[in-house]
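Remarks on the structure that follows.
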Amino acid sequence: MVLAFNKSPLFAGFKLYCYSQKTSVSFSFRRRMASIVNPPRDPNTLSNYNNFVTTHTVANFSIDFEKRSISGNVILSLKSITDAAAKEILLDTDYLKVENVELNGKAPKWELLPRLEPYGSVLRISLDKGVKNGDSVDLDIQTETTEKCTALGWMTPAQARSDHPYMYTQCQAIHARSIFPCQDTPDVKSTFEFNIKSPLPTLASGLATGIKDLDQDSAAVGTKLYSFKQEIPIPSYLFALASGDIAKAGIGPRSVVATGPKEIQAAKWELEGSTEKFIQTIEGIVFSYQWETYNVLVLPPSFPYGGMENPVFTFATPTLISGDRENVDVIAHELSHSYSGNLVSNASWEHFWLNEGWTTYLERRIQASVQGESHRDFSAIIGWKALQDSVAEFGDTHEFTKLIVDLKGKDPDDAFSSIPYEKGYTFLSYLEKQIGKEKWNKFIPHYFTTFARRSLDSYDFKANLLSFCESDATATAALNNVDWDAWFYTPGLPPKPDFDTSLVDICYDLAARWEETKSDKFEPHAQDIKGWTANQIVVFLNRVQGFATSLDKQATQAMGTTYGFAKSSNVEVVARYFQIALKARDESIYNPTAELLGNVGRMKFVRPLFKQLNEANRALAMETFEKNKDFYHPICRAMVEKDLFGKGSKESG
Ligand code: BES
Ligand code: ZN
């Protein structure tokens, strides 16, 4: 069939397009052709989404805190998109029990295939006859999570700092398949309905549509049915639930913050000044906010990320609530994902920079607009350091240092780093400079309008920018100078942009004085950093990290006490300071580091701190991991295990 197709003029056109990528063949044409000619463009799913796509998902689940499982049924509406009359439906599952499958109300033949690492087991449903292109079937699957589920964090009341237990999901990148069978790829988008039974307040990545008391059912006293809908199609990785003793408070005309009742006032204070301002700012940059409400759930300390852009409710680390409103850039970031990632999604994790690079770009445009232009580069300078660190960590020829990465056979979690964020940001800023800010500002809403509710890859992005500039000779000439392949496929650092260093010069100067005078000869004074923002301290500490091994422990101790870093309430500051002190082998901070590792589960801090502690005192690192491994989210636990023990597979989790 492919051979015959090969000779057709359509295929010739498609091939030509692939090579030049300059002509603007329509997006849907390309997608249709791609599904026929090529394997699916996402290599990290085992589903046959080139034959069927999920258009609607109903999740009817019960949360069982005793058993630590989620069970129920999920109904997938699957639309056939080929004439090929595929005779099977293949869905992703990972460590999932599947109890029953119904296809349009009847019992089809189905089986769970053997595991294929790192992607899990395919649920194969046989079809008697193919489904006509454009027709849909309903699959109703009874399912239950197992203790090996990688997407769920379960907390005891103590771990939740509460009188009640707590649970939350984290599905990005490929963990949704560990909660329910699905086409676990960002290249497929579905609307959702959630009906969730839980004894505790529950929220989801949809708009609340009702709460029903189920008290009459004596086996489940206090259990309620929480319902939500998500009418904007979303990929599986944005499926989210959280349940626990959750209170809410308003932080703006279309926003609430949700967190434990004891923490709610502090969370409200931290966020109420910025949230609506950020929303209005991004509306000015892109277009109106599409998801009706923007809310933030502040999670217990084991939450493995700074933030996760689940629609309607951003999930956020409690380290955000630092009492100084200095970490609200996390909100600017997650809010920006409402456009890049959630509305316009990367088609596979190989093009993750389209999610995170665009989001970092929009986040910095918000900062520039709210705090002043110099803040854009201030943040970019911190980002550049993170980029350098990530490149150094992988090695500058490593596949994962490219903008487009090859993830065939790989686990996207292993490729995660600052590279898609910062190389992506640098690339977008470079393109902005090439065509000029005025033109670029018009391209932003054009791009988000073109791909809204869809998924795209880097070649779609390129084609869209080229076609947008087509009628503008200057912009087209500028884009002709862009070496796309070099940006997409060269590993290592991109050319360093010129940054406006006005906000960081004093931080560099102070770091230079520490470096020049070295160790004990430098006498610090609290005055040195008077009036500095936490981010300026971060810039200073980032610089010091570069020569920390040449400092002795008296020096780092003086730094920690005189500048107050050791006791800072801002984890961004403490964690960096501890890393410096660990490098200087200051034994007095070994135990405080171990203590911090028992209070924070955010991987950004946990992984480097474990690595440094491991080098300074392996026994203590091991002991600290053993003590806290149940506290960490399974993703974090697996990553730290890999870092400490070099274990390669998800089995080790
Ligand atoms: N979507 C990411 C978090 C993520 C990425 C989860 C990949 C799972 C896999 C989120 O938007 C993010 O980037 N969070 C950052 C915060 C931000 C301010 C850069 C984080 O967690 O540090
Ligand atoms: Zn992000």
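We count ligands from 1, going down the list as the structure has it; atoms in each ligand are counted the same way.
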Does a side-chain N-to-carboxylate-O contact under 4.0 Å join R637 and E641? no
Looking at D460 and R41, is any side-chain nitrogen of the basic one under 4.0 Å from a carboxylate oxygen of the acidic one? yes
For S338, what residues pass the side-chain contact (heavy atoms from CB on, under 4.5 Å) criterion, not counting sequence neighbours? Y289, W291, Y294, L335
Here the N/O/S atom of E356 closest to the Zn ion (ligand 2) would be OE1
In H337, what N, O or S atom is nearest to the Zn ion (ligand 2), if we give its atom name? NE2
Using 2.8 Å as the threshold, say whether any N, O or S atom from E309 sits that close to the Zn ion (ligand 2). no
List in chain and number order the residues that pass side-chain contact (heavy atoms from CB on, under 4.5 Å) with S345, two or more places apart in sequence or in another chain; answer none if no residue qualifies. K189, P235, S455
By chain and number, the residues contacting ligand 1 below 4.0 angstrom (heavy atoms only) are Q170, Q172, Y305, G306, G307, M308, E309, V330, H333, E334, H337, F352, E356, F416, Y421, R602
Sequence-distant partners of S121, side-chain contact (heavy atoms from CB on, under 4.5 Å), two or more places apart: T93, L112, R115
Check: Y425 ring centroid to Y421 ring centroid under 6.0 Å: no
Verify, without hydrogens or angle tests, whether K385 (side chain) and A380 (backbone) share a donor-acceptor contact under 3.5 angstrom. no
Identify whether the distance between the nearest side-chain nitrogen and carboxylate oxygen of E373 and R376 falls below 4.0 Å. no
Can you name the N, O or S atom of H333 that is closest to the Zn ion (ligand 2)? NE2
